[in-house]
*Asks:* 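I'd like to ask some things about the structure below.
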Amino acid sequence: MSDGTFEKFKFTGNAKEWFGIWIVNILLSIVTIGIYSAWAKVRTKKYFANHTYVADRNFDYHATGKQILIGRLIVIGGYILFNIVLIALPILGLFLVLGLIAVMPWLIVRSIAFNARMTSFSNVRFNFLGTAGKAFLVFFIYPILTALTAYTTAPFLSRAVQRFTINNYRLGTASFNFDSAIGPFYKAFLAAIAWFVVAGGLGMIVTGFNFLEFASAMENAENNPEAIGPIIGMFYLLLFVAVLPAAMIYYAMIRNTIFNAATLEGGHRFNSTVTAGKMLWLAISNLVVVVCTLGLMLPWAQVRMSKYLAENTDLIPGGSLDDFIGTQQKETSALGDAFTDLEGIDVGMPI
């Protein structure tokens, strides 16, 4: 049973150290025409994993640049072949499109599994056991059904994605579990929509912005270029006033819901306390500083956000973490060789 002790996550990276790695990653990626970006990705993930701690134990990332590069070459090669066939043999291209739809769930599962298995906590690897069949339902069928309901059931889709991802995660042999009522998802969804409608509506009234005028001005930009600037300015102002705060409200509420409803086998629980106001302040101030420094302060912004998220995330152990980690290390030691045969395919699915 948990004694109620909160083990806070912490991020120990610093902007100066990360800037040195970040700038080298960019320069080498440019010099090698993007080839080094595979190794840059590994260095990035490894840095942020190594500097994230909980209960004095840190995470690690074990993939190699070669694995990432091979995965990218496979995807790029497939994309080029697909387009060649689509142009040369359109009828065959149609079957390739259907084939791509059929293989996408497998790629999604493969990507999540790769990232999971390449990540460890206190020398214990994560794992992902989701199936392509379930991924097809969650990422293809459910979104179609959601669209048919005019997105009024979007919270159900969001919860389904989290259930599929979290419930198939493992730390060693210990399983994660996520089970939340639909209420918190609808609360976040409606809060974000309410902000967007109210703030956006007030913004349009105050600025006099009209979407029809905006569309007309964009279509006739060449004939009346002087009118474009003010209209585009008002459009981006509305984005900052309505869209960005709505996104932060939704993110903060959903993150807290997910962490607070997730458990790890052994009675271990989690806690998240981020707030929409703080997230919005960080997002806006980070953006302003990064833009004003032409991107050079991006490492500072990344470290700043990572520190905030870590400081507002807790692990609530259900017992001795030493015993738990020791058991997982013993039970999974024979699985080490299984982590070396993956292609490194990454289709961008978050984990």
Side-chain angles (χ1 to χ4, degrees), residues 37-50 52 58-79 99-143 157-179 258-259 262-266 268 270 325 327-351:
S37 64
W39 281 264
K41 177 178 179 177
V42 170
R43 294 185 71 191
T44 298
K45 284 182 169 288
K46 195 171 187 67
Y47 181 84
F48 281 86
N50 285 167
T52 301
N58 69 326
F59 293 79
D60 200 359
Y61 186 72
H62 305 275
T64 65
K66 180 181 177 181
Q67 286 175 299
I68 301 296
L69 180 61
I70 291 174
R72 289 181 177 178
L73 291 176
I74 291 173
V75 173
I76 293 172
Y79 177 79
L100 180 61
I101 294 174
V103 78
M104 275 301 294
W106 179 84
L107 287 175
I108 290 172
V109 169
R110 190 74 171 180
S111 174
I112 300 174
F114 176 80
N115 281 287
R117 292 166 182 169
M118 291 300 109
T119 306
S120 67
F121 172 64
S122 192
N123 296 318
V124 178
R125 299 273 189 135
F126 288 88
N127 198 3
F128 183 77
L129 305 179
T131 65
K134 185 63 175 179
F136 180 73
L137 285 175
V138 172
F139 295 110
F140 290 88
I141 300 301
Y142 292 173
L157 173 61
S158 180
R159 186 179 65 169
V161 170
Q162 297 304 327
R163 277 180 170 173
F164 171 72
T165 306
I166 297 173
N167 289 346
N168 284 294
Y169 251 82
R170 302 291 184 272
L171 176 58
T173 60
S175 60
F176 286 85
N177 182 68
F178 170 76
D179 189 18
I258 293 170
F259 273 83
T263 59
L264 175 60
E265 187 177 327
H268 307 292
F270 302 90
I325 292 298
T327 300
Q328 296 309 311
Q329 289 173 338
K330 181 178 180 180
E331 292 182 354
T332 60
S333 61
L335 300 178
D337 291 340
F339 297 127
T340 62
D341 63 349
L342 302 173
E343 295 89 350
I345 296 174
D346 188 347
V347 294
M349 294 305 301
I351 62 171

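Remember, it's a predicted structure, so these values are computed and weren't measured experimentally. When reading the values below, keep in mind they use all heavy atoms of this one structure, side chains included, and skip hydrogens, waters and symmetry mates.
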*Asks:* Considering only heavy atoms from C-beta outward, does the side chain of T52 approach that of N58 to under 4.5 Å?
*Replies:* no
*Asks:* Can the ring centres of F176 and F128 be said to be less than 6.0 Å apart?
*Replies:*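 So the answer is no for these two rings.
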*Asks:* Looking at CG of D179 and CZ of R159, how far apart are the two atoms once the value is rounded to the nearest 0.5 Å?
*Replies:*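 That separation rounds to 7.5 Å.
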*Asks:* Please round to the nearest 0.5 Å and tell me the distance separating atom NE2 of H62 and atom CD of Q67.
*Replies:*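 Reported value, rounded in 0.5 Å steps: 11.5 Å.
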*Asks:* Atom NZ in K45, atom OG1 in T119: separation rounded to 0.5 Å?
*Replies:* 6.5 Å
*Asks:* Do I112 and Y169 come close enough that some side-chain heavy atom pair is under 4.5 Å?
*Replies:*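 Yes, close enough: below the 4.5 Å cut-off.
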*Asks:* For the pair E265 (side chain) and A174 (backbone), establish whether a donor and an acceptor sit closer than 3.5 Å, ignoring hydrogens and angles.
*Replies:*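 Flag not set: sc E265 to bb A174 has no pair under 3.5 Å.
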*Asks:* Within a strict 4.5 Å, meaning less than it, do heavy atoms of the V109 and F164 side chains meet?
*Replies:*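 They are in side-chain contact.
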*Asks:* If you take all heavy atoms of A132 and P105, which pair is closest and at what distance?
*Replies:* O-CB, 3.3 Å
*Asks:* Quick check: are there more than 12 heavy atoms from other residues, nucleotides or ligands sitting under 6.0 Å from OH of Y79?
*Replies:*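 Not buried by this count: 12 neighbours or fewer within 6.0 Å.
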*Asks:* Where do N115 and Y61 land on the side-chain contact (heavy atoms from CB on, under 4.5 Å) test, with the steps shown first?
*Replies:* CA-CA 9 Å; N115 281 287; Y61 186 72; 3.9 Å; yes
*Asks:* State the CE-OG1 distance between M118 and T64, to the nearest 0.5 angstrom.
*Replies:*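 Those atoms lie 8.5 Å apart.
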*Asks:* I'd like to know whether K41 forms a side-chain contact (heavy atoms from CB on, under 4.5 Å) with T44, so could you lay out the CA-CA distance, the side-chain angles of the two residues, the decisive distance to 0.1 Å, and finally the verdict.
*Replies:* CA-CA 5 Å; K41 177 178 179 177; T44 298; 5.7 Å; no
*Asks:* Just how far is it from atom CG of N177 to atom CG of N167, taken to the nearest 0.5 Å?
*Replies:* 5.0 Å
*Asks:* Using 0.5 Å steps for rounding, measure from the CZ atom of F270 to the CD1 atom of I258.
*Replies:* 13.0 Å
*Asks:* Quick one: does K46's side chain get under 4.5 Å of D60's, heavy atoms only?
*Replies:* yes
